[in-house]
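Only one structure is covered here, and it is reproduced in the block below.
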There are 2 protein chains.
Amino acid sequence: MQNQALTDQFSELCKKSGLKITPQRCAVYGHLMTSRNHPTAVEVYRTVRGRFPNISYDTVNRTLLTFAEIGLVDILQTKGGPRRFDPVMDNHHHFYCVDCGKIIDFTSQHYEDLKIPDRIRAECTVFTQRVVLNGLCPRCRKKKRTP
Amino acid sequence: MQNQALTDQFSELCKKSGLKITPQRCAVYGHLMTSRNHPTAVEVYRTVRGRFPNISYDTVNRTLLTFAEIGLVDILQTKGGPRRFDPVMDNHHHFYCVDCGKIIDFTSQHYEDLKIPDRIRAECTVFTQRVVLNGLCPRCRKKKRTP
DNA sequence: CTTTTTGCAAAGCGTTTGCATTGAA
DNA sequence: TTCAATGCAAACGCTTTGCAAAAAG
């Protein structure tokens, strides 16, 4: 992790959750917070290994799961395939391409104040609320038109 | 499949998609349309085998994937674990329990006419639109209160 | 010094593939 | 008779586990 602010932020978080601060965790955290994708464990592994050649895939994967437990990242809901991780940020929503699987983030004021149905609100505790759109991304839409 | 209406409906669908009508497919279809769960391939397999002992897991799994391709079932978006299938019905939405993984269906008039953000509408083709709630189901909420 | 974390290897679980056989059209 | 669908077995990909060695607090 090059950035001092990031390092401090991360130390804070670890202390609060009773986690030890290891260079491996720092590397994973640093990568996550500066990438705007929805990487799989393998993808994170490959990138982090660039600046940290000794790290094992296993550590990366377990680190990501640990981060998910302390609420640092979300695990995306996908239709099979490898698990995808999403740094927790301001409330955003997802568009899924049914053709290539690409995920596009977006925000919408209109989706912020959705009313939760009475039945659910009465019986369940709702933590988060997300809109998921399924369709064709720009690239796949073009492909379909001119096959 | 016991029900005549179901059988006819299914024959129709197969013809339209160029699929052959096999007893195995009928069995899977019959089970799907009369269950109100979100079964995995294994679960469908175990149930169908009750009335169709020779069917293989493999056929069940491939049949479900085929059904997904012709739009007869949806593949649910989940956080890992085995794939779950959802019979396509009227527009419904999902509540996920973050503790036990239970999925609760619900409908809501309020979610029917959500406006799709301009940026997405301009660049993508949107097929479906779903709201996903994450939280604690009734049972897990109770457990948390009295641990 | 104690306890967590790491790295490695093996096991586990679910999905996918190839191919010969069977069955629908 | 033809071509798709089935059943089986093996391969595959990703995740999880167990454990000894290393590192953090």
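Remember, predicted model here, so these are calculated numbers, not experimental data. A, B, ... follow the sequence lines: proteins, then strands. Residue 1 opens every chain.
Among the atoms of the strands shown, only primed sugar atoms or phosphate atoms (P, OP1, OP2) are found under 4.0 Å from some heavy atom of B:Asn54. Residue-level contact check: B:Arg62 touches the bases, meaning some heavy atom is under 4.0 Å from a base atom. Across all strands, A:Leu64 comes closer than 4.0 Å to no nucleic acid atom at all (heavy-atom distances).
Using a 4.0 Å cut-off, some side-chain N or O of A:Thr22 falls inside it from OP1 or OP2 of C:dT6. Residue A:Ser56 places no side-chain N or O under 4.0 Å from the OP1 or OP2 atom of C:dT6. Between B:Gln24 and the phosphate of D:dG7, there is a side-chain N or O to OP1/OP2 separation shorter than 4.0 Å.
Each of B:Ile21 and B:Asp58 lies near DNA chain C, and the nucleotide nearest B:Asp58 is the one positioned closer to the 5' end. Between B:Val42 and A:Leu19, the residue anchored nearer the 5' end of DNA chain C, judged by the nucleotide with its closest heavy atom, is A:Leu19.
When distances are taken from the side chain of A:Lys20 to each of D:dG7, C:dT16, C:dT4, the shortest belongs to C:dT4.
Between the CD atom of A:Glu43 and the P atom of D:dG13 there is a distance of 15 Å, given to the nearest Å. The OH atom of A:Tyr57 sits 18 Å away from the P atom of C:dA10 (whole-angstrom rounding). Rounded to an integer number of Å, the gap from A:Phe52 CZ to D:dA23 P is 10 Å. Summarising the geometry, the separation between CZ on B:Arg83 and P on C:dG14 is reported as 12 Å, rounded to the nearest angstrom. Note: CG (A:Leu76) to P (D:dC14) measures 16 Å, nearest angstrom. Computed from coordinates, the B:Glu69 CD to D:dA5 P distance equals 11 Å when rounded to whole Å. Distance CZ (A:Arg84) to P (D:dT15): 10 Å, rounded to an integer number of Å. If you measure from atom CG of B:Asn61 to atom C1' of D:dA10, you get 16 Å, rounded to the nearest angstrom.
No option in B:Thr40, B:Leu76, B:Leu65, B:Leu64 other than B:Leu65 meets the side chain to side chain contact (heavy atoms under 4.5 Å, CB included) test with B:Arg83.
Classified by interplanar angle (parallel below 30°, tilted 30° to 60°, perpendicular above 60°), the ring pair A:His38/A:His92 is tilted.
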| What do the steps show when you test A:Glu43 against A:Arg84 for salt bridge (Lys or Arg N to Asp or Glu O under 4.0 Å), and what is the final call? | CA-CA 10 Å; A:Glu43 284 162 7; A:Arg84 295 196 165 271; 3.6 Å; yes

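Across all their heavy atoms, B:Tyr45 and B:Tyr57 have their closest contact at CE1-N, 3.3 Å.
Counting only N and O atoms by type, the side chains of B:His93 and B:Asp105 include no donor and acceptor under 3.5 Å apart.
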